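Only this structure's heavy atoms are used, side chains among them; waters, hydrogens and symmetry mates stay out. Remember, predicted model here, so these are calculated numbers, not experimental data. Nothing fancy with the numbering, it's 1 onward along the sequence.
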Amino acid sequence: MPLSKIQSVVTMAVVATLGIVGPAHAANVNFDRFDGSAFTESGEKKGYVRFFIDVLDDNDDVVPDKQINDVKVFVDNQELKGRYELRTVADENPVSVAILVAAHESFAWPDDPNREESVIMEQTKLGYKAFLEKLTDNVDWSTIWYYNEEGVKKVASWGQRKEQAIDNLKLIRRGEKGVATAPALYNAVKRVMDDIQENDQSISQRRLLIVMSDGKDRYLEKTSLVERKIQDIAEVATSTHAKVIALGFSPDIPEPLVYLGTLAKQTNGRYREVKVEEVDDISRAIARTGEQVKNQYVLDFWPEDYSGSEQNVNVRLELETSAGPGKTVIEGVKWPEKPFNIMPIIIIVCVVLGSLLGIFLLVKLFKAMAKRRANRPVAVVEEEGPVGPYKGKLTCTQGAYAGAEFYLTEDVTTIGSIDGNTIVIQEAGVSKRHAGIKIEDMRFELADFGSTNGTLVNGNKVTKQFLRDQDIIRIGECHLKFTLK
């Protein structure tokens, strides 16, 4: 087989394979605006940021909210954990729409002399009528302009009555047929954008400029001039938070449509080229745009561990939808920073101090209980006398054991608070093995065993000392009077 035929077969196979696989579907996510006003507020339903977005499929239809899931939020490429709520806003989010209608020769003048307007112009008006009918009275704002070879004119000032705006569509007038001067499209767009800026304080915050055009402009041959005009429009759009939704339709030459796409992109808007197979495709395209405008989504997001930033940040939203994955990148977002919250620190400090106070009070309680136990009345069994001969005697004169007598009959007598001592005194301040008295040649030597509170004789703290008759020994709270036999 010749090489050329082999190449043809391979090429056909590749094309067929690509046709079977088909292009990957993706949702078209368009960002409208960001609202961080509730992020720094406290409360059960506060502390969130709000994104206004459009989610469209390949046919430019709105993706139903039940077919949108797995929303992810990234700040400077770092994913934020948190919860979100997604819903359509409808009348909760009023929109201000400026409509700019093309009325120059290629749009407005009919080929049939029996017709007043071209089919394109009729379909355009029908589309804008359907668009306006989707707006909500006393909620949404609208204004209508048109442009032709003679310039740009306004037929409906800003208002909230859609019936009046629809009626004013009939005031649109075509330019003179055969006029050599082409329309100044981008001058007209700039004038309408300036009008949005002039009414900044009275209209709602969501601003759109809708234009369907063939893109023809008298300055198209001067590329740098057209680009500068578009840049001027984009600067006003940025300052007013407005954007352009452009529908491109050309009955003859498509090249001018490129600049319509540039205009939409630089104003953070949308561009769609209208493909006409049937006459009413034009009106349907404009009406569909109305569906998109009134079915925008609001995404509320509560981040878990993000407190905002002093600097502007770049935010990326990623969504999984029935139309495929979609994402939008928002650059230079002012995500407000939450003020430093001292309450968690105060709570921690209070908990720690409360715990320490609790421990301190428990210790005091246990000590008080021990003291009460030690000071409780002691049943003292009066001894009639020593069992055998004794050499000295200790008489308790003060404390819980007052009146008790202890005879010194052994060579070594130990005193303490636990059993095993010769003399057991369970009273506050008495150590387990507190002191002892050693008798040798009728000399009585008192020795402290390293007790916690010490041993006193006649008010003086001693380590060792020989006792004399009538000495007062203090061990804890017990006062013992020493007497010889």
Colleague: Measure from NZ or CZ of Arg191 to the centre of the six-membered ring of Trp145, then state whether that distance is under 6.0 Å and the direction lies within 45° of the axis.
Modeller: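 No, cation not above the ring by the 6.0 Å, 45° rule.
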Colleague: Of all heavy-atom pairs between His434 and Gly476, which one has the smallest distance, and what is that distance?
Modeller: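 Smallest heavy-atom distance, with atoms named: CE1-N, 4.4 Å.
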Colleague: Between Glu320 and Lys72, does any side-chain N to carboxylate O distance fall below 4.0 Å?
Modeller: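 Here Glu320 does not pair with Lys72 in a salt bridge, since their nearest N and O are not under 4.0 Å apart.
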Colleague: Is there a side-chain contact between Pro256 and Asp217 (heavy atoms, below 4.5 Å)?
Modeller: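 Result no, sub-4.5 Å side-chain heavy-atom pair not found.
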Colleague: Thinking salt bridges, do Glu227 and Lys229 make one under a 4.0 Å N-O criterion?
Modeller: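 Not counted as a salt bridge, because no side-chain N and carboxylate O are separated by less than 4.0 Å.
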Colleague: Donor-acceptor pair, distance only, cut-off 3.5 Å: does the side chain of Tyr297 make one with the backbone of Asp65?
Modeller: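 Checked: pair present.
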Colleague: Apply ring pair (Phe, Tyr, Trp, His ring centres under 6.0 Å) to the pair Trp335 and Phe39, showing each step before the final yes or no.
Modeller: CA-CA 8 Å; Trp335 191 314; Phe39 182 64; 5.8 Å; yes
Colleague: Using modelled atom types and a 3.5 Å cut-off, is there a donor and acceptor pairing between side-chain atoms of Glu105 and backbone atoms of Gly178?
Modeller: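 Between the backbone of Gly178 and the side chain of Glu105 there is a qualifying donor-acceptor contact (under 3.5 Å).
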Colleague: Is there a donor-acceptor contact under 3.5 Å from the side chain of Ser431 to the main chain of Arg433?
Modeller: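 Side chain of Ser431 to backbone of Arg433, a donor-acceptor pair under 3.5 Å: no, none is there.
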Colleague: Report the residue from Arg207, Arg206, Arg161, Lys294 that forms a salt bridge (Lys or Arg N to Asp or Glu O under 4.0 Å) with Asp140.
Modeller: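 Going through the options one by one, the only one that passes is Lys294.
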Colleague: Quick one: sort the His104 and Phe107 rings into parallel, tilted or perpendicular, breaks at 30° and 60°.
Modeller: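 Ring orientation, 0 to 90° scale: tilted.
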Colleague: Side chains of Thr88 and Asn295 only: does a donor on one sit below 3.5 Å from an acceptor on the other?
Modeller: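 Checked: Thr88/Asn295 side chains show no N/O donor-acceptor pair below 3.5 Å.
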Colleague: Is there a side chain to side chain contact (heavy atoms under 4.5 Å, CB included) between Glu331 and Asn312? Walk through the geometry before answering.
Modeller: CA-CA 8 Å; Glu331 297 182 349; Asn312 288 352; over 6 Å; no
Colleague: Atom CG in Asn314, atom CD in Gln78: separation rounded to 0.5 Å?
Modeller: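 Rounded to the nearest 0.5 Å, the CG-CD separation comes out at 12.5 Å.
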Colleague: Going through the checks in order, is the side-chain hydrogen bond (donor to acceptor under 3.5 Å, both in side chains) test met by His241 and Asp32?
Modeller: CA-CA 9 Å; His241 303 288; Asp32 188 359; over 6 Å; no
Colleague: Take Asp194 and Val236 through the side chain to side chain contact (heavy atoms under 4.5 Å, CB included) test and state the conclusion after the steps.
Modeller: CA-CA 7 Å; Asp194 288 340; Val236 180; 3.9 Å; yes
Colleague: Looking only at heavy atoms, which two atoms of Leu299 and Leu86 are closest? And how far apart?
Modeller: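 Heavy atoms of Leu299 and Leu86 come nearest at CB-CD1, 4.0 Å.
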Colleague: Heavy-atom distance under 4.5 Å between the side chains of Val298 and Arg87, does that happen here?
Modeller: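 Side-chain contact under 4.5 Å: yes.
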Colleague: Between Ser213 and Tyr147, is any side-chain donor less than 3.5 angstrom from a side-chain acceptor?
Modeller: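 Present: a donor and an acceptor within the cut-off.
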Colleague: Between the side chain of Glu149 and the main-chain N/O of Val179, is any donor-acceptor distance below 3.5 Å?
Modeller: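 Pair absent, no side-chain N/O of Glu149 close to backbone of Val179.
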Colleague: Measuring only between side-chain heavy atoms, which start at C-beta, is Val244 closer than 4.5 Å to Tyr271?
Modeller: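 Result no, sub-4.5 Å side-chain heavy-atom pair not found.
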Colleague: Which pair of heavy atoms, one from Gly269 and one from Asn30, lies closest together, and at what distance?
Modeller: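 Where Gly269 meets Asn30 most closely, the heavy atoms are O-OD1, 4.5 Å.
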Colleague: Rounded to the nearest 0.5 Å, what separation is found between the CD atom of Glu116 and the CG atom of Asn114?
Modeller: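 The CD atom of Glu116 sits 12.5 Å away from the CG atom of Asn114.
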Colleague: Test Tyr48 against Phe301 for ring pair (Phe, Tyr, Trp, His ring centres under 6.0 Å), laying out the working first.
Modeller: CA-CA 5 Å; Tyr48 64 86; Phe301 179 68; over 10 Å; no
Colleague: Sub-3.5 Å donor-acceptor pair from the side chain of Asp214 to the main-chain atoms of Pro251, do we have one?
Modeller: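 No.
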Colleague: Hey, are the side chains of Arg115 and Asp111 touching, using non-hydrogen atoms and a 4.5 Å cut-off?
Modeller: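 No. Closest side-chain heavy atoms not under 4.5 Å.
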Colleague: Okay, side chain of Trp158, backbone of Ala98: is any donor-acceptor separation there less than 3.5 Å?
Modeller: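 It does not hold such a pair.
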Colleague: Indicate yes or no for a side-chain donor-acceptor contact from Thr143 to the backbone of Ala156 under 3.5 Å, with no hydrogens or angles considered.
Modeller: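 Confirmed, Thr143 side chain pairs with Ala156 backbone.
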Colleague: Checking side-chain polar atoms at under 3.5 Å, does Asp35 have a donor or acceptor matched by the opposite partner on Ser37?
Modeller: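 Short answer, yes.
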Colleague: Verify the neighbour count for atom NZ of Lys327: are there more than 12 heavy atoms of other residues, nucleotides or ligands below 6.0 Å?
Modeller: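 Count not over threshold, so no.
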Colleague: Quick one: NZ on Lys154 to CD1 on Ile99, what's the gap to the nearest 0.5 Å?
Modeller: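 Lys154 atom NZ to Ile99 atom CD1 measures 14.0 Å (nearest 0.5 Å).
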Colleague: Show the nearest heavy-atom pair for residues Ser106 and Ile120, with the distance to one decimal.
Modeller: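 Taking every non-hydrogen atom into account, O-CD1, 4.0 Å.
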Colleague: With rounding to the nearest 0.5 angstrom, report the CD1 to OG distance, Ile210 to Ser142.
Modeller: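 With rounding to 0.5 Å, CD1 (Ile210) is 11.5 Å from OG (Ser142).
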Colleague: Closer than 3.5 angstrom, by distance alone: can the side chain of Lys338 be matched with the main-chain N or O of Glu41 as a donor-acceptor pair?
Modeller: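 Answer holds: no.
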Colleague: Under 4.5 Å between any side-chain heavy atoms of Leu132 and Leu169, yes or no?
Modeller: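 Yes; the side chains approach each other to less than 4.5 Å.
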Colleague: Main chain of Gly429, side chain of Asn453: is a donor-acceptor contact present, judged purely on distance under 3.5 Å?
Modeller: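 Yes, the answer is positive, given that a donor and an acceptor are paired below the 3.5 Å cut-off.
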Colleague: Quick one: do Asp281 and Arg288 make a salt bridge, cutoff under 4.0 Å?
Modeller: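 Salt bridge: no.
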Colleague: Please name the pair of heavy atoms, one in Val226 and one in Tyr219, separated by the smallest distance, quoted to 0.1 Å.
Modeller: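 Minimum heavy-atom separation between Val226 and Tyr219: CG2-O, 3.1 Å.
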Colleague: The test is side chain to side chain contact (heavy atoms under 4.5 Å, CB included); show your working for Asp137 and Glu163 and say whether it passes.
Modeller: CA-CA 9 Å; Asp137 275 335; Glu163 292 81 3; 3.1 Å; yes
Colleague: Assess the side chains of Gln67 and Thr321: does a donor N or O sit below 3.5 Å from an acceptor N or O?
Modeller: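 The answer is no; no qualifying pair exists.
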Colleague: Could you point out which residue of Lys170, Arg174, Arg173, Lys125 forms a salt bridge (Lys or Arg N to Asp or Glu O under 4.0 Å) with Glu117?
Modeller: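 Looking at Lys170, Arg174, Arg173, Lys125, the match for Glu117 under the salt bridge (Lys or Arg N to Asp or Glu O under 4.0 Å) is Lys125.
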Colleague: Between Leu56 and Arg270, is there a side-chain heavy-atom distance shorter than 4.5 Å?
Modeller: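 Yes - at least one pair of side-chain heavy atoms lies under 4.5 Å apart.
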Colleague: Cut-off 3.5 Å, side chains only: do Ser204 and Ser96 have a donor facing an acceptor?
Modeller: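 Indeed, the side chains of Ser204 and Ser96 share at least one donor-acceptor pair under 3.5 Å.
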Colleague: Quick one: do the Asp280 and Gln123 side chains pair a donor with an acceptor below 3.5 Å?
Modeller: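 Per modelled atom types, Asp280 and Gln123 side chains form no pair under 3.5 Å.
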Colleague: State, with a plain yes or no, whether a side-chain heavy atom of Glu176 is found less than 4.5 Å away from one of Asn148.
Modeller: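 They are not in side-chain contact.
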Colleague: Quick one: do the Trp141 and Asn199 side chains pair a donor with an acceptor below 3.5 Å?
Modeller: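 The answer is no; no qualifying pair exists.
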Colleague: Check the pair Leu220 / Tyr259 against side chain to side chain contact (heavy atoms under 4.5 Å, CB included), numbers first and verdict last.
Modeller: CA-CA 9 Å; Leu220 280 184; Tyr259 291 100; 3.7 Å; yes
Colleague: State whether Arg316 and Glu318 are salt-bridged, where the test is any N-O pair (Lys NZ or Arg NE/NH1/NH2 against Asp/Glu carboxylate O) under 4.0 Å.
Modeller: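 Salt bridge between Arg316 and Glu318, a charged N being under 4.0 Å from a carboxylate O: yes.
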Colleague: Report the distance from atom NZ of Lys162 to atom CG of Asn138, rounding to the nearest 0.5 Å.
Modeller: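 CG of Asn138 is found 10.5 Å from NZ of Lys162.
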Colleague: Just verifying a value: how many Å separate Asp112 CG and Ser118 OG, rounded to the nearest 0.5 Å?
Modeller: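 Rounded to the nearest 0.5 Å, the CG-OG separation comes out at 11.5 Å.
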Colleague: Shortest non-hydrogen contact from Val55 to Ala27?
Modeller: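 In terms of heavy atoms, the two residues are closest at CG1-CB, 4.3 Å.
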Colleague: State, yes or no, whether a side-chain contact exists between Gln296 and Ile53 at a heavy-atom distance under 4.5 Å.
Modeller: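 A side-chain contact under 4.5 Å is absent here.
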Colleague: Please answer whether the main-chain N or O of Ala237 pairs with a side-chain N or O of Thr267 as donor and acceptor at a distance below 3.5 Å.
Modeller: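 Such a contact is absent between Thr267 side chain and Ala237 backbone.
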